[in-house]
Amino acid sequence: MTAVPRLSSVRPDLAVDDLLKRHKAAIPVFIRRRMLCIGCPFAPSHTIADACREHGIELDSLLAELADVLSVDGSPAR
């Protein structure tokens, strides 16, 4: 049986770098949305909410997409 991640671990105040390290399946979500967070020097200190503000992305929409992707992926949450 595949482990389902604790989606509560994907919060607006989570650092983008932490999210991308813990959940590799989140990377394509950022790429599709043209968010330049992967490899960005600010990713360790920018939260998901910060990144959405910087890129003009609706936070709730991104969180919903991440929840969908991560619930299918089964990446372990930490």
Side-chain angles (χ1 to χ4, degrees):
M1 180 178 227
T2 303
V4 176
R6 293 184 329 261
L7 298 178
S8 62
S9 68
V10 181
R11 303 174 320 272
D13 63 338
L14 181 66
V16 172
D17 197 48
D18 288 343
L19 171 71
L20 298 177
K21 284 180 181 175
R22 292 177 187 175
H23 303 286
K24 301 296 184 199
I27 293 171
V29 173
F30 281 77
I31 291 171
R32 272 194 303 276
R33 289 174 173 262
R34 298 178 188 202
M35 297 175 79
L36 307 173
C37 301
I38 298 132
C40 173
F42 296 109
S45 61
H46 264 186
T47 65
I48 295 171
D50 293 334
C52 284
R53 251 188 321 277
E54 291 292 322
H55 292 283
I57 303 290
E58 182 184 308
L59 177 61
D60 290 338
S61 172
L62 178 66
L63 291 174
E65 186 173 356
L66 289 169
D68 286 346
V69 168
L70 298 179
S71 68
V72 170
D73 172 59
S75 295
R78 293 183 183 147

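We use all heavy atoms of the structure for the numbers below, so side chains are in, but hydrogens, waters and symmetry mates are not. What you see is a predicted model, and the numbers here were worked out from it, not measured in a lab.
Counted within 6.0 Å of CZ on R32, heavy atoms from surrounding residues, nucleotides or ligands total more than 12; the atom is thus considered enclosed.
Under the 4.5 Å side-chain criterion, counting only non-hydrogen atoms from C-beta, L66 is in contact with F30. Residues L62 and M35 are in side-chain contact: their nearest non-hydrogen atoms beyond the backbone lie under 4.5 Å apart.
Taking CD1 of I27 as the start and CG of L20 as the end, the distance is 5.5 Å to the nearest 0.5 Å. In this structure, CG in L63 is found 12.0 Å from CD1 in I57, a value given to the nearest 0.5 Å. A distance of 12.0 Å separates CD of E58 from CD of E65, quoted to the nearest 0.5 Å.
Taking all atoms of both residues into account, the shortest heavy-atom contact from C37 to V16 is CB-CG1, 3.6 Å. Shown here for V29 and A25, the closest heavy-atom pair between the two residues is CG2-O, 4.2 Å.
Under the side chain to side chain donor-acceptor pair (under 3.5 Å) criterion, the residue pairs touching residues 40-53 are T47-D50, D50-R53, with sequence neighbours excluded.
Under the side-chain hydrogen bond (donor to acceptor under 3.5 Å, both in side chains) criterion, D17 pairs with K21, not counting sequence neighbours.
A continuous path of Ile, Leu, Val, Met, Phe, Trp and Tyr side chains, each step under 4.5 Å between heavy atoms, connects V69 with I38, placing both in one hydrophobic cluster. In this structure, I31 is not a member of the same hydrophobic cluster as F42, with clusters built from ILVMFWY side-chain heavy atoms closer than 4.5 Å.
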